[in-house]
There are 2 protein chains.
Amino acid sequence: MNDELKIDKNSVIPIYYQLAKLLEGQILRGELKPGEALPTETEIANRFEISRMTVRRAISELISAGMVKAQQGKGTFVSSPKLNNVFIELNDFDEEIEKIGLKLNTTILGAKIVKTDSRLMRIFEIDDPNTRFLFYRTVLSADDERLVYECKYTFYTKKKPILESNIKDPSLTGLVKANIDVLPVSSKKVLQVSVATKEEARILGIPINAPVFVAEELLYDLEKKPVGWSKAIYRGDRYQLTIYDGWLRIDN
Amino acid sequence: MNDELKIDKNSVIPIYYQLAKLLEGQILRGELKPGEALPTETEIANRFEISRMTVRRAISELISAGMVKAQQGKGTFVSSPKLNNVFIELNDFDEEIEKIGLKLNTTILGAKIVKTDSRLMRIFEIDDPNTRFLFYRTVLSADDERLVYECKYTFYTKKKPILESNIKDPSLTGLVKANIDVLPVSSKKVLQVSVATKEEARILGIPINAPVFVAEELLYDLEKKPVGWSKAIYRGDRYQLTIYDGWLRIDN
DNA sequence: GAGTGGTCTAGACCACTGA
DNA sequence: CAGTGGTCTAGACCACTCG
């Protein structure tokens, strides 16, 4: 049985990959149903005359794709596709726009040094009221249409001059890297929905109270200290978030 | 040198895990900076007197955490934390609410059989104008406050009776599974921002034109055919999306 | 050609589950 | 207890990169 389920040991395609694809096919075609057990690793190894380590490499691909789950002492079982609360790939807003083929353009509305206030002290977890921040206001446009209005803050250090013309990378990460000698390694983003204020509506050229996304981003350094904060207003009529979910496929 | 960088080969903790954590620590402490090369696999294996396969297992943990990248023929290099367009964990709205400790309650406002229309034919990719759908309207509440209004559609098959009292799992996935003998394995969600219509405002008890999230979900079966569709209206003042990004840590 | 990571083997011992 | 997956070894050969 299973005549076409063969593996070419002399192929340039790795054995573990051929085997993973073979098992993935059986699962996707429903020949192996959720809850069912895969053949044991030893069985598969004997059947295809390959090493058990190679079988394990193949199965580990399926595990990381979320299609099967191994249980020590029991066996390896086909998972039910979990359609919630899983790892997903979220395309960055801006890359999404560029894919469509529009030209993106960032305009710096202003850059200045500001004193701290209670909000910034809370966000950046600092006590010193003399701390000063660099404050940037930028607008992202595509084809002369304004899409995003963004306010960005990072610590001010006298080390480097702030020349507006000198800003190569106006993203929050870029500004932090340019102004303080720190590498942001993690971030937290909060996405909310709101309606445009008068100022936001004016800058983006949309009606007051039009729906907008509000995306706050907080950047952290290696020691989990906040090093940058931004608040971005996205036009609600131009942005949407698309999320794909379910079993990840191996490779493509 | 590096006295504390040791591995206990007799520990219950796997060697590959100890080594992965050791290397992760060096990267997080900045002893290995982005762009720098790790020692070669053979070097590490000799240094700790372990097998190269075990070293590879450790490094593969770092690779899947996105902290390093291996390049055949060249070496293994510490990655720069990529703070955009990466895999992220998106908590499901509802699970998020339950974590806070609120009791969730789903009310079924109605369930009926409807004829198809041009919108449903487009969404479900069908041609037959005689197709009929099951149409559910539900409301999700927490502590007597209405949070989400949802309209759900799935194919109507006469196989099973539709008893409202019989609905155990009112999620879209649950309804699809209950009504047609099909297992949804993947989904596509689109998140948009909008303002509440008159009907939505009435049902959710919010002002007309209040900001809301609109989440459309399309469920697919094994053959990538749409089997369920829902459109959910989330109160904008009660929901937000939090996204963590950057280097994933190994385990906890 | 020397050195790197990528694949693969044929064993071994262990920890865990279930009858 | 027999059978499962989890870890580990000490080799081997390959494909790739770069001088």
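Below, chain A is the first sequence line, B the second, and so on; all start at residue 1.
Listed by first and then second residue, the salt bridge (Lys or Arg N to Asp or Glu O under 4.0 Å) pairs that reach into residues 60-77 of chain B are R57(B)-E61(B), sequence neighbours excluded.
Every residue meeting the side chain to side chain contact (heavy atoms under 4.5 Å, CB included) condition with D8(B), not counting sequence neighbours, appears here in chain and number order: N10(B), S11(B), Q18(B). Residues passing the ring-ring contact (aromatic ring centres under 6.0 Å, His included) test with F124(A), sequence neighbours excluded: F133(A), F155(A). S171(A) meets the side chain to side chain contact (heavy atoms under 4.5 Å, CB included) test with D169(A), T173(A); sequence neighbours excluded. E216(A) is linked by a salt bridge (charged side-chain N to carboxylate O under 4.0 Å, His left out) to nothing, counting only residues two or more places apart in sequence or in another chain. The side-chain hydrogen bond (donor to acceptor under 3.5 Å, both in side chains) search around T76(B) returns none, not counting sequence neighbours. Shown here are the side chain to side chain contact (heavy atoms under 4.5 Å, CB included) partners of I27(B), two or more places apart in sequence or in another chain: L32(B), M67(B), V68(B), V78(B), W247(B).
At the phosphate of dG5(C), neither OP1 nor OP2 sits under 4.0 Å from any side-chain N or O atom of K74(B). For the pair T54(B) and dT9(D), the criterion of a side-chain N or O lying under 4.0 Å from OP1 or OP2 is met. Residue R56(A) places at least one side-chain N or O under 4.0 Å from the OP1 or OP2 atom of dG6(D). Considering only side-chain N and O atoms, Y16(B) lies under 4.0 angstrom from the phosphate OP1 or OP2 of dT7(D).
The separation between Y17(A) atom OH and dG6(C) atom P is 16 Å, rounded to whole Å. Rounded to whole angstrom, the span from the CG atom of D8(B) across to the P atom of dC8(D) amounts to 11 Å. K9(B) places its NZ atom 15 Å from the P atom of dC14(C), with the value rounded to the nearest Å. Atom C1' of nucleotide dC8(D) and atom CD1 of I59(B) are separated by 16 Å, given to the nearest angstrom. F77(B) has its CZ atom 13 Å from the C1' atom of dC16(D), to the nearest Å. Between the P atom of dG6(C) and the CZ atom of R57(B) lies a distance of 15 Å, rounded to the nearest Å. Rounded to an integer number of Å, the gap from E43(A) CD to dT4(D) P is 7 Å. Atom-to-atom, CG of N46(A) to C1' of dT9(C) comes out at 14 Å; the value is rounded to the nearest Å.
Closest to the Q72(B) side chain, of the nucleotides dT9(D), dT4(C), dC16(D), is dC16(D). For I15(B), the listed nucleotide lying nearest its side chain is dT9(D); candidates were dT4(D), dT9(D), dG5(C). Closest to the side chain of P14(A), from the set dA15(D), dA15(C), dC8(C), is dC8(C).
Note on T76(A): only backbone sugar-phosphate atoms sit closer than 4.0 angstrom, heavy atoms only; bases stay farther off.
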Dot-bracket encoding of pairs in DNA chain C, which uses [ ] for pseudoknotted crossings and | for another strand, Watson-Crick or G-U under 3.5 angstrom: ||||||||||||||||.|.

Atom pairs under 3.5 Å: protein N/O with N/O of nucleotides 10-13 of chain D:
from	atom 1	to	atom 2	distance (Å)
dA10(D)	N7	S51(B)	OG	3.4

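Atom NZ of K9(B) has more than 12 neighbouring heavy atoms from other residues, nucleotides or ligands inside a 6.0 Å radius.
Checked by atom type and distance alone, the side chain of S64(A) pairs as donor or acceptor with a backbone atom of S60(A) at under 3.5 Å.
Nearest heavy-atom pair, S187(A) versus Y220(A), reported as atom, atom and distance to 0.1 Å: CA-CD1, 4.2 Å.
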